[in-house]
**Student:** 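Got a structure here, written out as C-alpha cells. Questions coming.
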2 protein chains.
Amino acid sequence: MTASGWRITEQRRMLAEIFAKTDAYLSPKDVYDQMTVSYPSVSFDTVYRNLRLLSEMGALEQFYFMDGGLKFKCSCLEHHHHHLICMNCEKTLTFDYCPMDHSLELPGSFKITSHRFEIYGVCEQCQQESAT
Amino acid sequence: MTASGWRITEQRRMLAEIFAKTDAYLSPKDVYDQMTVSYPSVSFDTVYRNLRLLSEMGALEQFYFMDGGLKFKCSCLEHHHHHLICMNCEKTLTFDYCPMDHSLELPGSFKITSHRFEIYGVCEQCQQESAT
DNA sequence: CTTCCTGCAAATCGTTTGCATCAGT
DNA sequence: ACTGATGCAAACGATTTGCAGGAAG
C-alpha cells in the first residue's frame, strides 16, 4: 500500500492501521492521540507530515469540516459519492445520490469544476446512546 | 440596520458598506485590506470582532471554504438557497435547487440536521478575462 | 553506507483576549 | 459622564519548517 517509493516506517504502518479500522473522519489530533496510545514517542509533526503524504498519494481523503477543522479519512477504493456525517462521532456514511446528475438550472455560462455536498446529522448509534 | 442595540461606529458603517457593494465571499484579510484603503488605522481585531458581531446578528453569512479558510458574505434577506462560487474572484451566484427537496435514498435512521451543497467553478466574467 | 524519516525546537499564520484609552449616546 | 468600542500587544491553537541524529533499504 505505501510501497510506492516511500519507506515503510512503524509510524506509517500505524497510521494506516488507524485509518483502516475506522470509517470516521479524524483530525490530526485524533490521529495523534490514537498513535500515542501504543507509541508514546511520536511527534505531532510526523503525524502531520504523514497525513499530508498519504493524502497526496491518494490514500487518504482530506477535507475541511463545517467548522473549518481539518480532517482525514481513508479513501480506499471509492467511486463518486457523497457523505452523511455524524456531528457527534464524526463517522461517515456514504450514499450515491449526486445532485449534479440532475438537471440543475444554473445561471448562465458558469464553468463548473467541482462541487461539494454533505449532509450533517446524528447517526443511529449516537441517537440511541443519547436517548439513554 | 445595525441599530439593534449596538453603537454605530465609523468602522462598522464601513464594514457594512464593503459587504453591501459586493456579492463575493470575503476573508477577514480581504475586508481588512479594503478597510485600510480609506481608513488606514483600523486594527485587525476590530475587523474580526465586527465580522463576528455581524454574523451573530445574522447580517453576514459565515462560512469555511474548501480550503478551510474563513469567509463572510452579506446575507441580506434570503430564503433557502445554495451557491455557485467562482474559484477565481470568489463572487457567488445563488440558485434555488436544493438536493434535499428530492427523495434521497439515505441509509437508515440518520437524523438530518443540516446540509451543505456548493458548486465551484469559474464565473462568466473570469472566463472572459482569462481568455485574453 | 546512503538517503530518507523522525523528533525537537522554533517559526509562522490566523484568530482571540486583556487592558487602557477613546468615542458614541 | 457612562458604557461600549477601539487599538495595541500579547496569548493562543493549528500547522509548517530547519536541522541534527537515527533507521530503512
Side-chain angles (χ1 to χ4, degrees), chain A residues 1-19 24-73 90, chain B residues 1-19 24-73 90:
Chain A
M1 192 177 184
T2 319
S4 28
W6 303 106
R7 291 190 183 164
I8 299 171
T9 63
E10 190 168 351
Q11 293 87 325
R12 289 180 182 169
R13 180 174 301 286
M14 199 170 300
L15 242 196
E17 277 170 24
I18 288 173
F19 280 101
Y25 273 98
L26 299 176
S27 68
K29 180 159 194 330
D30 294 336
V31 175
Y32 177 72
D33 290 343
Q34 288 196 40
M35 298 263 291
T36 47
V37 172
S38 47
Y39 191 160
S41 66
V42 253
S43 67
F44 231 108
D45 20 64
T46 299
V47 172
Y48 272 107
R49 267 188 288 243
N50 287 329
L51 285 173
R52 193 138 54 96
L53 181 67
L54 289 186
S55 52
E56 278 165 10
M57 284 175 48
L60 295 178
E61 247 174 74
Q62 175 181 340
F63 173 100
Y64 290 88
F65 257 50
M66 292 274 264
D67 65 353
L70 179 58
K71 303 277 169 155
F72 293 86
K73 169 180 186 304
E90 297 191 343
Chain B
M1 194 175 185
T2 320
S4 29
W6 302 107
R7 292 192 182 160
I8 299 170
T9 63
E10 190 167 352
Q11 294 86 325
R12 289 181 181 169
R13 180 174 300 287
M14 198 171 300
L15 241 196
E17 277 171 22
I18 288 173
F19 280 101
Y25 273 98
L26 299 175
S27 68
K29 183 161 193 330
D30 294 336
V31 176
Y32 177 72
D33 290 344
Q34 288 196 40
M35 299 264 289
T36 47
V37 171
S38 48
Y39 192 160
S41 67
V42 254
S43 68
F44 231 108
D45 20 63
T46 298
V47 172
Y48 272 106
R49 269 189 289 244
N50 287 328
L51 286 173
R52 191 139 54 98
L53 182 67
L54 290 186
S55 53
E56 277 165 10
M57 285 176 45
L60 295 178
E61 248 175 73
Q62 175 181 341
F63 172 101
Y64 291 89
F65 256 51
M66 294 275 265
D67 64 354
L70 179 58
K71 303 276 170 154
F72 292 87
K73 171 179 183 305
E90 297 190 343

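Just so it is clear, the model here is predicted, and its values are computed rather than measured.
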**Student:** Round to the nearest Å and state the distance from B:Leu51 atom CG to D:dA5 atom C1'.
**Tutor:** 15 Å

**Student:** Whole angstroms only, please: what is the CZ-C1' distance between B:Arg12 and D:dT6?
**Tutor:** 10 Å

**Student:** Could you grab the distance from atom CG of B:Leu54 to atom CD of B:Glu56, nearest 0.5 Å is fine?
**Tutor:** 9.5 Å

**Student:** Nearest 0.5 Å, please: how far is CG in B:Asp33 from OG in B:Ser27?
**Tutor:** 7.5 Å

**Student:** Could you run down nucleotides 10-20 of chain C 5' to 3' and tag each one B, S or - for protein heavy-atom contact under 4.0 Å?
**Tutor:** ----SSBBB--

**Student:** If you look at every heavy atom in A:Asn50 and A:Gln11, which pair is closest and at what distance?
**Tutor:** ND2-CB, 4.3 Å

**Student:** Determine whether a donor-acceptor pair (one donor, one acceptor, N or O, separation below 3.5 Å) exists between the side chain of A:Arg7 and the base of C:dC5.
**Tutor:** no

**Student:** Looking at B:Ser43, does any N or O in its side chain come under 4.0 Å of the phosphate oxygens OP1/OP2 on D:dG7?
**Tutor:** yes

**Student:** Have a look at A:Glu10 and say if it touches a base, only the backbone sugar-phosphate, or nothing, with a 4.0 Å heavy-atom cut-off.
**Tutor:** nothing

**Student:** Where the side chain of B:Val42 is concerned, which of C:dT6, C:dC5, D:dG7 is the nearest nucleotide?
**Tutor:** D:dG7

**Student:** In whole angstroms, how far is the P atom of D:dT15 from the CD atom of A:Glu56?
**Tutor:** 15 Å

**Student:** Under 4.5 Å between any side-chain heavy atoms of A:Phe19 and A:Leu51, yes or no?
**Tutor:** yes

**Student:** In whole angstrom, give the distance that lies between atom CG of B:Asn50 and atom P of D:dG4.
**Tutor:** 15 Å

**Student:** Among A:Lys29, A:Arg49, A:Met35, find the one that has a side-chain contact (heavy atoms from CB on, under 4.5 Å) with A:Phe44.
**Tutor:** A:Lys29

**Student:** Extract all donor-acceptor atom pairs below 3.5 Å that involve side chains of residues 57-71 of chain A and protein atoms in other chains or at least two apart in sequence.
**Tutor:**
residue, atom, partner, partner atom, Å
A:Glu61, OE1, A:Tyr25, OH, 3.3
A:Asp67, OD1, A:Gly69, N, 2.9
A:Lys71, NZ, A:Glu90, OE1, 2.4
A:Lys71, NZ, A:Glu90, OE2, 3.2

**Student:** Is the phosphate of C:dT6, meaning OP1 or OP2, less than 4.0 Å from a side-chain N or O of A:Thr9?
**Tutor:** yes

**Student:** Of all heavy-atom pairs between B:Tyr32 and B:Ser43, which one has the smallest distance, and what is that distance?
**Tutor:** CE1-C, 3.9 Å

**Student:** Does B:Gln11 make a side-chain N or O approach to OP1 or OP2 of C:dA23 shorter than 4.0 Å?
**Tutor:** no

**Student:** Could you check how far CD1 of A:Ile8 sits from P of C:dT3, rounded to whole Å?
**Tutor:** 20 Å

**Student:** In this structure, how many angstroms lie between the P atom of D:dA24 and the CE atom of A:Met14, rounded?
**Tutor:** 12 Å

**Student:** Across the strands shown, which category fits B:Tyr32 at heavy-atom distances under 4.0 angstrom: base, sugar-phosphate, nothing?
**Tutor:** nothing

